[in-house]
Each structure stands twice: as structure tokens, then as C-alpha cells.
K.L.:
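Please see the structure below; I have some questions.
Lettering follows sequence order; numbering is per chain, from 1.
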Amino acid sequence: MEYVTFVEQLRLKFPGKETLLFKDLSLFFKKGEKVLLLGPSGCGKSTLLQVLSGLIPHSVDIPMKAKHIQIPDNWGFVFQDPDSQFCMPFADEEIAFALENIGVPREQMTARINELLQLVGLPISPHTNIHTLSGGMKQRLALASVLALEPDVLFLDEPTAMIDDEGTEMIWRTVKQIAHDKTVIIVEHKIEHVLDFVDRIILFNDAGEIVADGEANLIFRHYKETIASQGIWYPGVWDDYCQKRKWGKPSPKQKEMIRLADFQGYRNKKAAIRVDEASVYEGEWIAVTGKNGAGKSTLLHALMKLIPTDGEYEIEGEALQQTKQIARRAAFVFQNPEFQFVTNSVWEEVAYSLRLAKRSDEEIHSTVEKLLKTFHLEAQKDQHPYQLSVGQKRRLSVAASIIGGQKLLLLDEPTFGQDAKNTFALLELLDSYREKGTAIIMVTHDERIVQQFATRRWVIDNGRLVLDEPVARTINEALMSV
Amino acid sequence: MRLEIGYRETWLHRINPSLKLLVMLAIFIAVLFVHNPNVLANLAVALLLLFFICTGYPLKYLLLFFLPFLVIFVSTASSMTLFGEGKTTWFQWGLIHITEESFLRGMHLGFRALTFALLGLIFSLTTRPVYLFYSLMQQLKLKPKYAYSFLAGIRLIPIILEEFQTVQNALKVRGAAQVGIFEKIKRYAIPLLSQSIRRAQRIAVAMEAKRFSSGMARTFYYEISFSKYDIVFIFSMAGIIVLAYCVGTILPYVPVVDVR
Amino acid sequence: MQASKGLKLADILITVVISIVFGIVYKLWGPFYYFVKPFGLHIDQLVYGMWFIAATVAFLIIRKPGVALLAEIAASSGEFIAGSEWGLEVLIYGVVQGLLAEIVFAAFRYKRFDVLVVSLAAIGSTIGSLVMDFYKGYIEALAPWNLALFLLARFVGAVLISGVFASSLVKALEATGVTQMVRSASKEDYEQLNR
Ligand SMILES: Nc1ncnc2c1ncn2[C@@H]1O[C@H](COP(=O)(O)OP(=O)(O)OP(=O)(O)O)[C@@H](O)[C@H]1O
Ligand SMILES: Nc1ncnc2c1ncn2[C@@H]1O[C@H](COP(=O)(O)OP(=O)(O)OP(=O)(O)O)[C@@H](O)[C@H]1O
Ligand SMILES: [Mg+2]
Ligand SMILES: [Mg+2]
């Protein structure tokens, strides 16, 4: 059998780190295989994809060596971060850039561009400024420009991490359609959408070693224990989890925390989000849902007054005007974790709020260490926040924000890109805060989280709060089968 | 760069960007050898007319763009006027020494600054960077890796400006201790720079992942070629220069022909 | 992994992007320069050195041949595209200033990155700018005392801003670990793979 890509005895180490990320790792991929790489967050999946595609060490100089390595001739790569994979200002120009690279004649480009946009379900006019697209739309554009290369091998690094259900469906459907004859190597935490597509799964553990490799169904049957202990997503993980878990008490309706009436937030002088009337009480967990680009992040930005607002908005009976004042009552987690890092190491990042509050050194030390443990970041504590894996960055941003002990938490997709273990740990921690009376407003695309943890749901559509309904926090039998 | 402002496309927009750049650079160098203030004043006025009539922007914006250039004119002219050497003294007070020669030299410098500024402004108002770099690749054989790096860089400008906002937001949300001015500059400059470097690096990786390589022949989405407007442009520029020269020598405003 | 023929795409892109950041600074610096100019006696020349900083900072970060020149050209293009008050002039100045800084770094074979070399590069750029001024601005016609003051202020400003300040800026950047990503991995790192 011919292999399209493989490495043998791969060793890789980040500069300045003590340990090797991979030690003598060998992996082979046959032509036409659809492979899913599963492993805990931070085990090296993204790095491995870059090695397999030759980006390391050709474009990124990271010390590595391998006995043998073969890179596919014709490949495409979709990255985790939607914002930094474009080099041209407009959507059509970006796709054209890929077409130019492979020498498509100019006359065919316009037609190809329209076709590709259609294919990934991006109904925009081709000459649209990329800067105005939502994260989900950007990711679809990235896929379109990769498909323009007509690759034989596709590397997909969580292409749908921040995309709504509909978009996720659409992207995987697209991939399935166009990739039946291609080799596809996928890293994805939201496995339910890809399970019927992949025919091989490779399981990694924390240390970046392969613990299982085989046919998709068999893996889940034979390695359930390993998978569960590594905290990796598998079908039915939610059900198992729900059975084991001690459920937190619903907090009785208490004091009103936030009151909104005729509230609006503006972007570029235009009303971008509107809430006619809403309240949030202590001990509530509000899940904010809606499509990509609906205005969920905008709502949170408005609540932090990071954008201009008007209308009635009170926190604990007070109408606060400045972000600084609000930040004392409310912790905020940006959708893009990188937006909020202000220090040079993981440890300092978590300690930052406590240092500002002039807490004692011992208190800082013990609190930080405890939180780093909860979020599985102990091994990274001296690393720069930007040098973390995507999931680690996400956890760090949440840890650093909630450490201040505010009674209100505004979280913008705090669980994207996480493995099962970390997702549950994070949700449980939040739920324990909620039980003590903290109010949580959390944007998420994950319906199971809404069903299992939220007490109420806000649906945002087209820049408007259109639905505000309680969620019965019971284990819904119908939803148990993932 | 000024894409947000609506403008009417004029013949100046349709000139081949490389040609436009080269012609303007040629004028630039030629102007360095003009020492006759009469000629230079004529040239500046001609370019001023071109700027106001042919760039296709609303007058309101043109005036707005032009304002800083007036300041430059005055300030360039004044420092030579006030402190320059010369024989025919008009006014002296302390260190300030205005002579006829220094005054004329000052005015000359002012017009020169104005000419350069207008050349640049006309160029940047009527040229889309994407077309410029495509043209540089096609006509002047600029290496694609440089051209696309510039384009990616230009795409990042609004993102960088937004990042400034983001740093500000982060500091607001996370809280920040009061510090001195030097620390404050660093607090903004360091994250901005380091974030830009990281972003640039990732984009470079993404570009190579899209199989960008400098060795291969490539096609171009925008084919930038020459048209009749290029001929119009060359002739009108030549016309302006000849006219400025003739009028300046035949009907001088001041009797001086060399300010040196 | 030694740097082979010329700059890699990442080097170019990073140089261009930092330079564009400085290009914006350059653009904003223009009005500031003209704001201090009327104070007379060439106070303005003290701040002139800011226009050389892209070359030195970019070189200190990437440490490869050609970067200083490219950075200064890119920064002046950025300034130009952003609508500089000086128009086309900035492009030519950029080329000349970058070239002279590049020559200084080359004279040390691109092996030294200390304040002294960087300050020398700033002085190189200053000389470049003066050559241009000589052709454009008749500076030799200034009264001698005035010319001396003018030159002194420009050199001192250049060393302070594009030499000393640039070095300290890059030191602070190094603390964030970003430069490690840009420079090639060291031999030791590769050797550790064999343990
Ligand atoms: N530049 C770097 N310097 C040092 N360590 C790094 C660097 N980049 C990544 N790492 C570390 O390497 C490990 C693997 O990172 P990688 O991004 O490959 O993880 P991942 O498996 O993709 O995780 P996730 O699912 O969270 O995206 C992480 O522990 C991360 O902290
Ligand atoms: N900084 C910005 N400037 C201008 N418009 C913006 C900005 N950020 C977002 N928008 C626009 O506002 C609308 C709402 O965006 P928002 O980011 O709030 O959506 P979202 O619901 O959070 O989507 P997603 O699920 O993709 O995160 C979108 O149309 C988007 O294009
Ligand atoms: Mg990853
Ligand atoms: Mg959002």
C-alpha cells in the first residue's frame, strides 16, 4: 500500500522547553483515508498537522528531526484561528490569491470564485471586505480558498471551533461532498459531526504518544476506558457524565443583578444590538445562543460598555457609566482569548487581577496554583500566553478573568476548542460559583451545555434579543443519544 | 487607502500605477534641479489645479487633505526666510535676519515642498494599493514575495488600529495600575508590536500553506496593462512642465532666476 | 536551518508589518514635527530621529541582511500610502536612509546588535537624510551657527530615538518571547533532540 504522507520516529521540541513534545512518534496515512486525531487539549495535535504538511520546519523553524518523512505533494490546510490566515483585503482577492498560486488562468477565476463561495455556503458578494465578516464566515472563506487549491490531502485543524450548528453542519457536509476521493486528516473536538465520515481514529494521550490507532468504531468500543481517562470526547460522553455528576442545586430566585430596558449597543453609529426588556438574577446561568454574526458578542461588549450604548442598564440597581466601574462587578472573557492577555507568562496572567487588588503574596500564590491545577495549566505556567495551544489559551483567559471573584460573569464561548475533561471541569467550576449566587451570562453554540447547565436561554437574532425562556435543567432523555 | 470616502473614478485612476509612480518620481527628481522660483510656482499651481479638478474626490475632503500642506508650506518657507543668509537686509531682530535672498529662497522651498506633497497626494488618492502592487509585479518585475507581503501588511492596518482599541479594552476590563508616561507608552507599544509580529508570522505560514512560493510562475487576478490614459498622462505632465517653464521665463513674477 | 538565499517570506512579512506600524507613527509624527518647528532653533531636529527607527528596530528583531533597508522602505511606503504631508519625497528619503543604516550593519557583518552599532546606524541614516536635505533644502545656505545647531540637534535626536530608545524597545519585546519565534532555532535546541 502506498502512503501519501508519513513520519517515522519524529522528535520535536519547542525552543527553551525542557521536554520533547514528540518522542519517536511514527504515523502513516494511506491514500484516501479519512483520519481523526483525538487527544487532550495541548497534546500536540496542531503541531503534528504542521509537521505532516511540512510547514514545520519549512515555514516555522521549530527544532525537529525524523528518520523518514514524506510530505504530500498537493495539500490544503485550514487553521484554528480565523483571523490570521488571510493576506488580501477582499474575499474574492483572497480566493484569487490561491488560484494564482496554482496558475489558474485569469479568465476562469471569477467563475471559480463564485463557485467556491457557493460550495462553502457563503452567500456574500465576492468583493466583500474580509474585515466585516463574522468568525464563522471567515472560516468558511478560509475553506473556500483552500479548496481552490484542489488539494489531494486536506489538513483541517478544528475548522468549526467557533461556528454555529448550522454552519458546522454545512462545512462538514461540504467537506464530505468534495473530499470523498481525498485524504483528510482532521483535528476536531466536536466529534459528532465527523464520526460518520472518518474511517480511522488515532488517539493521543497527554504526553503526545499514540495510545490507540484503528478503525473508528472499534476504537470507541475497545478503548473506552482510556478515552474516558484521558478526558477525550466520545459519543455518549455526556450521558456518562450526567449519570455520574452530582447536580448543583438551583439557586432560588434572589436579588436582581442586571436590569435592561430599551437597551441598545452601537457599532459604527448604528444600533447593532437591541434588548427591549430583560433581567438577570443572582444564581442564574443564562446561555446566549444564536447564529454566527447574530450579535451575541456585541451584546456582551455592550454590557461591558466597550461600545457606545443607550437605554436603561443597571447593575445591582446602579447605572454604571464606565467600563472600569463595570469591570469591578463583572468579569469578562473575550471571544478571542488573545485579546485579553496583558502579561508575559501564564502564571502572571492569572495572578494579574489579584496583584492589582494588592492581595498578600501567599494568598496570590495559593489561589493561582489552585486555579492552574483546575484548568490543567500547571506545566505551562512559565510559558508566554501566546505560546499556548488554542484550548490552553481559552482556559487561561477564563481562569485569569474569573479569579477576581466578581458576582457577574460575562463569558463569550468559554468552552470552544476544549476536550471533554476540561469542558466539564470548567462548567462545574462555573456551576459552583452559580450556586453561591454568581450570575453567569455565557455565549455558546453547544446545545448540550445549554440543556445541562443553563437556567435560562437568550436567543439573539439579527441584532435583537428575540427570546428569553427558562431551561428546565433536567436530564432530557431525548437528547441523551449524541 | 481612503476607500471609505466615496469618489468618482477619473482618468487619473485609470493610469497604469507603475507608470504613474515612475513619471512622478521623474518629476520629483527634475524639480530638485529647478532653482528658478517663477517656474516652480507655476508648476505648483498647475498641480494644485490637477489636484482639485481631476482626482474625483468631493471638494470638502480635498480641502481637508490640503490643510496640512499649507502648514508645511508656511513652516518650510519661514525657517529659511527667518534664518537664511543674504545680502539685502529687510529686517533684523536678534537672531532673526530676513533678507531678500533668504525670503525668495524660503518661498522657493515652500513651493518645492508643496509640489512634492501634491505629487504624492495625487498619486495616493488615485491609486488602489492592490492595483499598484499587482502592477509592480507585472510591469516592474517586483518579486511576488515582497508584493504580497506589502499587501498583507496593508490589510493589517485596520486590524492593527483595532488592536490598539483591543489593548485599551483589555486594560479597562482587566484593570490597570496607574503608571508613568514611559511605562504607559510601553504598555501599548509592546503588545501592539509583539501581536503584529505574531500575526505576520502566522499569515506567512498561512500563505505558504496556500502554496505560495516565489519560484513558480503565477497568473494574476488583476491584469494591469496600459491604455490611452497613459499617453494622455505623459503628455499632460510634459505639457505642464513645458508650460511652467515657458511662462516662468517669459513672464517672471520676480526678477530672480536662481535662488542659490 | 541556516538562512539560505535571501529573506524568507516570514522575514519579509514581519519586517513589512512592523514597518507599517512605524509608518503610521511616522505619519503621525509629521504634524508633531511641524508643531514643534515654530519654536525655532531647530528643536524640531531633535525629534527627526524617529524617522529612522523602523530600520533599527526591524534589524534588531530579525537580525538578517537586507532587513534594515526593507524596513525603512516599507515604513516610508506606509507613511506615503497613509497620505504623508511630504508626499513622494518620503519614499526617496526612506531608500537613502535605509541604505545607509544597512551599510553600517553590513560593516559589522550583521553580527553585532548592541546599542553602539544601532546608534551608528542611526547616524548613518542621519547622514542619508542630510544628503537629501542638501539637494532639496539648501541647508548649506543657513547661517553657519544655525547650520551647526541644526546638525547637532539632528544627530543627537537620531542617536537617542533610533539608537538608544530602539534598543530598549526591542529588549522589552524580547521579554515577551516573540523574537525567539522569529529568529532561527539554536544549535543547542537541535542537539537536545538527540538526548
Ligand atoms: N511556541 C511554543 N513554545 C513553547 N511551547 C509551545 C509553543 N507552541 C505550543 N506549545 C506547547 O505545545 C503543546 C502542543 O500544542 P498544540 O497547539 O499542538 O496542541 P493541541 O493538541 O493542538 O491542543 P488544542 O486542542 O488545545 O488546540 C502545548 O502544550 C503548548 O503549550
Ligand atoms: N468590530 C466590529 N466592527 C463592525 N462590525 C462588527 C464588528 N464586530 C462585529 N461586527 C458585526 O456585527 C455583527 C454581529 O457580530 P458579533 O460578533 O456580535 O456576532 P456573534 O453573534 O458573536 O457571531 P459569532 O457566533 O460568529 O461569534 C456582525 O454582522 C459583524 O459583522
Ligand atoms: Mg490545536
Ligand atoms: Mg461572537
K.L.:
Is chain B contacted by the side chain of A/Glu349, its backbone, both, or neither, given a heavy-atom distance below 4.5 Å?
P.N.:
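For A/Glu349, backbone and side chain are both near chain B.
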K.L.:
Cation-pi between A/Lys393 and A/Tyr386: NZ/CZ under 6.0 Å from ring centre and within 45° of the ring axis?
P.N.:
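So A/Lys393 doesn't make the cation-pi contact.
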K.L.:
Answer yes or no: is there a side-chain heavy-atom contact under 4.5 Å between B/Leu118 and B/Phe69?
P.N.:
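No, side chains not in contact.
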K.L.:
Suppose a student defines contact as a heavy atom less than 4.5 Å from any heavy atom of chain A. Which residues in residues 21-31 of chain B would they list?
P.N.:
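Answer by number: none.
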K.L.:
Please determine, among A/Phe332, A/Phe97, A/Phe334, A/Phe155, the option with the most heavy-atom pairs under 4.5 Å with chain B.
P.N.:
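Max contact count across the listed options: A/Phe97.
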K.L.:
Above 12 or not: heavy atoms from other molecules or residues under 6.0 Å from CZ of B/Phe220?
P.N.:
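Atom CZ in B/Phe220 is packed in, count exceeds 12.
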K.L.:
Would you say the side-chain atoms of B/Arg155 pair up with the backbone N or O of B/Phe150, donor to acceptor, closer than 3.5 Å?
P.N.:
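Checking the backbone N and O of B/Phe150 against the side chain of B/Arg155, no donor-acceptor pair under 3.5 Å is found.
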K.L.:
If I measure from the heavy atoms of chain B, does A/Phe86 come under 4.5 Å with its side chain, its backbone, both, or neither?
P.N.:
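For A/Phe86, the contact with chain B is made by backbone and side chain together.
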K.L.:
What residues of residues 194-205 of chain B sit under 4.5 Å from chain A when only non-hydrogen atoms are counted?
P.N.:
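Listed by number, the contacting residues are B/Gln195, B/Arg198, B/Arg199, B/Gln201, B/Arg202, B/Ile203, B/Val205.
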K.L.:
Any idea which of A/Gln50, A/Arg355, A/Met88, A/Gln340 has the most non-hydrogen atom pairs under 4.5 angstrom with chain B?
P.N.:
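Heavy-atom pairs under 4.5 Å are most numerous for A/Met88.
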K.L.:
Of the backbone (N, CA, C, O) and the side chain (C-beta and beyond), which part of B/Phe133 lies under 4.5 Å from a heavy atom of chain A, both, or neither?
P.N.:
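No part of B/Phe133 comes within 4.5 Å of chain A.
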K.L.:
Check whether any side-chain heavy atom of B/Phe66 lies under 4.5 Å from a side-chain heavy atom of B/Leu114, and answer yes or no.
P.N.:
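Result yes, sub-4.5 Å side-chain heavy-atom pair found.
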K.L.:
I need the residue from B/Gln165, B/Lys210, B/Glu208 with the largest number of non-hydrogen atom pairs under 4.5 Å to chain A.
P.N.:
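So the answer, after comparing B/Gln165, B/Lys210, B/Glu208, is B/Lys210.
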K.L.:
Using only non-hydrogen atoms and a strict under-4.5 angstrom cutoff, which residues of residues 166-173 of chain B touch chain A?
P.N.:
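Counting heavy atoms that sit under 4.5 Å from chain A, the residues of residues 166-173 of chain B involved are B/Thr166, B/Asn169, B/Ala170, B/Leu171, B/Lys172, B/Val173.
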K.L.:
Picking from A/Cys87, A/Pro151, A/Ser59, which has the most non-hydrogen pairs under 4.5 angstrom with chain B?
P.N.:
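Max contact count across the listed options: A/Cys87.
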K.L.:
What side chain to side chain donor-acceptor pair (under 3.5 Å) pairs are there with at least one residue in residues 224-238 of chain B, not counting sequence neighbours?
P.N.:
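Matches after skipping sequence neighbours: B/Arg14-B/Tyr229.
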K.L.:
Compute both the distance and the angle, then confirm whether B/Arg128 meets the cation-pi test with B/Tyr131: under 6.0 Å from the six-membered ring centre, within 45 degrees of the axis.
P.N.:
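Yes, a cation-pi geometry holds between B/Arg128 and B/Tyr131.
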